**Q** 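Please read through the structure below; I'll follow up with questions.
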Protein chains: 2
Amino acid sequence: MIKVSVLYPNTAGCKFDMGYYLEKHMPMVQQKLGSACKRMAVEEGIAGGAPGAPATYVAMGHLYFDSTDAFMSAFAPHAQAIMADIPNYTNTQPTIQISEVKM
Amino acid sequence: MIKVSVLYPNTAGCKFDMGYYLEKHMPMVQQKLGSACKRMAVEEGIAGGAPGAPATYVAMGHLYFDSTDAFMSAFAPHAQAIMADIPNYTNTQPTIQISEVKM
(Lines give C-alpha, C1' and ligand atoms only; values in the text may rest on other atoms or scores of the structure.)
Protein backbone atom coordinates (compact mmCIF):
# COMPACT_ATOMS: atom_id res chain seq x y z
CA MET A 1 0.00 0.00 0.00
CA ILE A 2 1.29 3.47 -0.82
CA LYS A 3 0.23 6.83 0.53
CA VAL A 4 0.32 10.06 -1.42
CA SER A 5 0.62 12.97 1.01
CA VAL A 6 -0.15 16.52 -0.07
CA LEU A 7 1.36 18.85 2.54
CA TYR A 8 0.33 22.52 2.54
CA PRO A 9 3.07 24.66 4.18
CA ASN A 10 1.99 27.07 6.88
CA THR A 11 3.68 30.09 5.31
CA ALA A 12 3.15 33.74 6.27
CA GLY A 13 -0.11 34.99 4.77
CA CYS A 14 -1.22 31.56 3.66
CA LYS A 15 -4.92 30.83 3.27
CA PHE A 16 -6.62 27.46 3.37
CA ASP A 17 -10.38 26.97 3.06
CA MET A 18 -10.89 23.71 4.98
CA GLY A 19 -14.64 23.73 4.29
CA TYR A 20 -14.13 23.81 0.52
CA TYR A 21 -11.35 21.23 0.76
CA LEU A 22 -13.50 18.75 2.71
CA GLU A 23 -16.81 19.36 0.95
CA LYS A 24 -15.75 20.05 -2.65
CA HIS A 25 -12.11 19.22 -3.44
CA MET A 26 -11.62 15.85 -1.78
CA PRO A 27 -14.99 14.41 -2.92
CA MET A 28 -14.14 15.53 -6.49
CA VAL A 29 -10.73 13.84 -6.20
CA GLN A 30 -12.32 10.64 -4.88
CA GLN A 31 -14.85 10.65 -7.70
CA LYS A 32 -12.16 11.13 -10.37
CA LEU A 33 -9.72 8.56 -8.94
CA GLY A 34 -12.45 5.99 -8.43
CA SER A 35 -11.85 2.66 -6.73
CA ALA A 36 -8.05 2.90 -7.22
CA CYS A 37 -8.07 5.33 -4.29
CA LYS A 38 -8.61 3.03 -1.32
CA ARG A 39 -8.82 5.62 1.44
CA MET A 40 -8.47 9.34 2.09
CA ALA A 41 -7.46 11.28 5.18
CA VAL A 42 -7.35 14.99 5.96
CA GLU A 43 -5.80 16.84 8.87
CA GLU A 44 -5.61 20.49 9.91
CA GLY A 45 -2.38 21.72 11.54
CA ILE A 46 -2.78 22.81 15.17
CA ALA A 47 0.73 23.18 16.56
CA GLY A 48 4.39 22.31 16.22
CA GLY A 49 6.42 20.13 18.55
CA ALA A 50 7.96 22.86 20.70
CA PRO A 51 5.67 24.80 23.09
CA GLY A 52 4.04 27.69 21.22
CA ALA A 53 5.53 26.65 17.87
CA PRO A 54 3.22 26.86 14.85
CA ALA A 55 2.35 23.79 12.76
CA THR A 56 4.71 23.25 9.82
CA TYR A 57 1.72 22.45 7.60
CA VAL A 58 -1.60 24.27 7.68
CA ALA A 59 -3.28 21.16 6.24
CA MET A 60 -2.43 17.68 4.97
CA GLY A 61 -4.36 15.46 2.59
CA HIS A 62 -3.55 11.77 2.09
CA LEU A 63 -4.60 9.31 -0.60
CA TYR A 64 -3.98 5.55 -0.36
CA PHE A 65 -3.40 3.24 -3.33
CA ASP A 66 -2.29 -0.35 -3.83
CA SER A 67 0.87 0.80 -5.64
CA THR A 68 2.59 3.80 -7.21
CA ASP A 69 1.52 2.47 -10.63
CA ALA A 70 -2.11 2.32 -9.49
CA PHE A 71 -1.81 5.94 -8.35
CA MET A 72 -0.16 7.10 -11.58
CA SER A 73 -2.75 5.36 -13.78
CA ALA A 74 -5.66 6.78 -11.80
CA PHE A 75 -4.22 10.27 -11.39
CA ALA A 76 -2.70 11.09 -14.80
CA PRO A 77 -5.99 11.43 -16.74
CA HIS A 78 -7.36 13.84 -14.10
CA ALA A 79 -4.19 15.62 -12.98
CA GLN A 80 -5.04 18.86 -14.76
CA ALA A 81 -8.59 19.10 -13.37
CA ILE A 82 -7.44 18.26 -9.85
CA MET A 83 -4.51 20.72 -9.89
CA ALA A 84 -6.71 23.46 -11.38
CA ASP A 85 -8.98 23.28 -8.32
CA ILE A 86 -6.17 24.07 -5.84
CA PRO A 87 -6.41 27.90 -6.12
CA ASN A 88 -10.08 27.57 -5.10
CA TYR A 89 -9.06 26.70 -1.54
CA THR A 90 -5.46 27.78 -0.99
CA ASN A 91 -2.71 30.16 -2.07
CA THR A 92 0.03 27.80 -0.86
CA GLN A 93 2.22 25.55 -2.99
CA PRO A 94 1.86 22.00 -1.62
CA THR A 95 4.72 19.56 -1.08
CA ILE A 96 3.88 16.10 -2.41
CA GLN A 97 5.37 12.89 -1.11
CA ILE A 98 4.80 9.25 -2.02
CA SER A 99 5.44 6.82 0.83
CA GLU A 100 5.18 3.12 1.42
CA VAL A 101 2.88 2.21 4.29
CA LYS A 102 4.91 0.09 6.75
CA MET A 103 2.54 0.02 9.75
CA MET B 1 -9.12 13.02 17.34
CA ILE B 2 -5.64 14.48 16.99
CA LYS B 3 -2.65 13.12 15.17
CA VAL B 4 0.95 13.66 16.22
CA SER B 5 3.19 13.38 13.16
CA VAL B 6 6.92 12.85 13.52
CA LEU B 7 8.51 13.70 10.17
CA TYR B 8 12.13 12.68 9.53
CA PRO B 9 13.69 14.95 6.85
CA ASN B 10 15.47 13.25 3.97
CA THR B 11 18.66 15.26 4.35
CA ALA B 12 22.02 14.50 2.71
CA GLY B 13 23.76 11.70 4.59
CA CYS B 14 20.73 10.88 6.70
CA LYS B 15 20.32 7.39 8.09
CA PHE B 16 17.12 5.73 9.20
CA ASP B 17 16.90 2.13 10.46
CA MET B 18 13.33 1.19 9.55
CA GLY B 19 13.71 -2.28 11.05
CA TYR B 20 14.63 -0.89 14.47
CA TYR B 21 11.91 1.76 14.22
CA LEU B 22 9.18 -0.79 13.45
CA GLU B 23 10.35 -3.58 15.74
CA LYS B 24 11.79 -1.70 18.73
CA HIS B 25 10.98 2.02 18.83
CA MET B 26 7.29 2.11 17.94
CA PRO B 27 6.34 -0.89 20.15
CA MET B 28 8.20 0.79 23.05
CA VAL B 29 6.32 4.04 22.39
CA GLN B 30 2.98 2.20 22.28
CA GLN B 31 3.78 0.40 25.52
CA LYS B 32 4.72 3.64 27.30
CA LEU B 33 1.77 5.69 26.00
CA GLY B 34 -0.71 2.93 26.75
CA SER B 35 -4.37 3.11 25.80
CA ALA B 36 -4.23 6.90 25.32
CA CYS B 37 -2.54 6.19 21.98
CA LYS B 38 -5.43 4.97 19.86
CA ARG B 39 -3.54 4.11 16.68
CA MET B 40 -0.10 4.28 15.11
CA ALA B 41 1.02 4.52 11.50
CA VAL B 42 4.43 4.44 9.86
CA GLU B 43 5.48 5.26 6.31
CA GLU B 44 8.78 5.17 4.43
CA GLY B 45 9.42 7.90 1.85
CA ILE B 46 9.65 6.67 -1.75
CA ALA B 47 9.51 9.75 -3.96
CA GLY B 48 8.54 13.39 -4.26
CA GLY B 49 5.79 14.82 -6.41
CA ALA B 50 7.87 15.79 -9.45
CA PRO B 51 9.31 13.01 -11.65
CA GLY B 52 12.64 11.85 -10.18
CA ALA B 53 12.33 14.08 -7.12
CA PRO B 54 13.35 12.55 -3.78
CA ALA B 55 10.91 12.23 -0.88
CA THR B 56 10.93 15.22 1.48
CA TYR B 57 10.82 12.84 4.45
CA VAL B 58 12.75 9.57 4.72
CA ALA B 59 10.14 8.31 7.19
CA MET B 60 7.02 9.45 9.01
CA GLY B 61 5.50 8.13 12.22
CA HIS B 62 2.00 9.07 13.40
CA LEU B 63 0.29 8.67 16.75
CA TYR B 64 -3.45 9.25 17.28
CA PHE B 65 -5.03 10.51 20.51
CA ASP B 66 -8.47 11.73 21.57
CA SER B 67 -7.10 15.22 22.27
CA THR B 68 -3.92 17.26 22.64
CA ASP B 69 -4.36 17.03 26.43
CA ALA B 70 -4.57 13.24 26.24
CA PHE B 71 -1.33 13.24 24.23
CA MET B 72 0.47 15.61 26.64
CA SER B 73 -0.59 13.60 29.71
CA ALA B 74 0.48 10.30 28.19
CA PHE B 75 3.71 11.59 26.63
CA ALA B 76 5.19 13.88 29.31
CA PRO B 77 6.15 11.14 31.83
CA HIS B 78 7.96 9.18 29.07
CA ALA B 79 9.27 12.00 26.86
CA GLN B 80 12.86 11.59 27.97
CA ALA B 81 12.96 7.81 27.43
CA ILE B 82 11.26 8.09 24.03
CA MET B 83 13.51 10.93 22.81
CA ALA B 84 16.63 9.14 24.08
CA ASP B 85 15.88 6.22 21.76
CA ILE B 86 15.91 8.36 18.58
CA PRO B 87 19.72 8.17 18.00
CA ASN B 88 19.35 4.36 17.96
CA TYR B 89 17.63 4.52 14.56
CA THR B 90 18.36 7.88 12.96
CA ASN B 91 20.78 10.81 12.78
CA THR B 92 18.05 13.19 11.55
CA GLN B 93 16.25 15.82 13.61
CA PRO B 94 12.51 15.17 13.22
CA THR B 95 9.87 17.82 12.64
CA ILE B 96 6.85 17.32 14.90
CA GLN B 97 3.35 18.48 14.09
CA ILE B 98 0.06 18.14 15.95
CA SER B 99 -2.98 18.10 13.69
CA GLU B 100 -6.72 17.73 14.06
CA VAL B 101 -8.14 14.81 12.09
CA LYS B 102 -10.88 16.20 9.81
CA MET B 103 -11.52 13.19 7.54
Side-chain angles (χ1 to χ4, degrees), chain A residues 1-10 16 18-23 25-27 29-30 39-65 67-69 71-72 75-76 79 82-83 93-103, chain B residues 1-10 16 18-23 25-27 29-30 39-65 67-69 71-72 75-76 79 82-83 93-103:
Chain A
M1 178 79 70
I2 65 111
K3 176 183 176 180
V4 178
S5 295
V6 187
L7 311 172
Y8 298 89
N10 189 14
F16 194 93
M18 183 57 79
Y20 185 95
Y21 190 65
L22 290 171
E23 288 151 37
H25 182 75
M26 291 301 266
V29 169
Q30 175 70 76
R39 190 159 78 83
M40 306 180 110
V42 171
E43 295 114 30
E44 185 170 17
I46 298 175
T56 301
Y57 298 106
V58 66
M60 303 195 266
H62 311 281
L63 308 170
Y64 294 79
F65 299 85
S67 66
T68 301
D69 283 353
F71 159 60
M72 300 291 203
F75 185 72
I82 291 171
M83 306 296 258
Q93 191 76 18
T95 294
I96 295 168
Q97 162 144 356
I98 303 175
S99 308
E100 190 184 334
V101 175
K102 306 293 282 188
M103 178 193 281
Chain B
M1 179 79 68
I2 66 110
K3 175 183 176 181
V4 178
S5 295
V6 187
L7 311 172
Y8 298 89
N10 190 14
F16 194 93
M18 184 57 80
Y20 184 94
Y21 189 65
L22 290 171
E23 288 151 37
H25 183 75
M26 291 302 265
V29 170
Q30 175 71 75
R39 190 160 77 85
M40 306 180 108
V42 171
E43 295 114 32
E44 185 170 17
I46 299 176
T56 301
Y57 299 105
V58 65
M60 303 195 268
H62 311 282
L63 307 171
Y64 294 78
F65 299 84
S67 65
T68 301
D69 282 353
F71 160 61
M72 299 293 203
F75 185 71
I82 292 171
M83 305 297 259
Q93 190 77 18
T95 294
I96 294 168
Q97 163 144 356
I98 303 174
S99 307
E100 190 185 333
V101 175
K102 307 292 281 187
M103 179 192 280

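Everything numeric here is computed off the predicted structure, so don't read it as measured data.
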**Q** So, taking the atom named CE in B/M18 and the one named CE in A/M103, what distance separates them when rounded to the nearest 0.5 Å?
**A** 9.5 Å

**Q** Just wondering, more than 12 heavy atoms not from A/M72 lying within 6.0 Å of its CE?
**A** no

**Q** Are more than 12 heavy atoms from other residues, nucleotides or ligands located less than 6.0 Å from atom CE of B/M1?
**A** yes

**Q** Measure B/T95 against the heavy atoms of chain A and call it side chain, backbone, both or neither at under 4.5 Å.
**A** side chain

**Q** In Å and rounded to the nearest 0.5 Å, what is the NE2 to CE distance from A/H62 to B/M60?
**A** 7.0 Å

**Q** Listed by chain and number, what are the side chain to side chain contact (heavy atoms under 4.5 Å, CB included) partners of A/I82, not counting sequence neighbours?
**A** A/H25, A/M28, A/V29, A/K32, A/L33, A/F75, A/H78

**Q** Could you tell me which portion of B/Y57 (side chain, backbone, both or neither) has an atom closer than 4.5 angstrom to a non-hydrogen atom of chain A?
**A** both

**Q** Taking the side chain as every heavy atom from C-beta outward, state whether B/E43 and A/Q97 have any pair of such atoms under 4.5 Å apart.
**A** no

**Q** Compare every heavy atom of A/S99 with every heavy atom of B/G45, then report the nearest pair and how far apart it is.
**A** CA-OG, 4.1 Å

**Q** Using 0.5 Å steps for rounding, measure from the CD1 atom of A/I46 to the OG1 atom of B/T68.
**A** 4.5 Å

**Q** Give, as side chain, backbone, both or neither, the part of B/M26 having an atom under 4.5 angstrom from any heavy atom of chain A.
**A** side chain

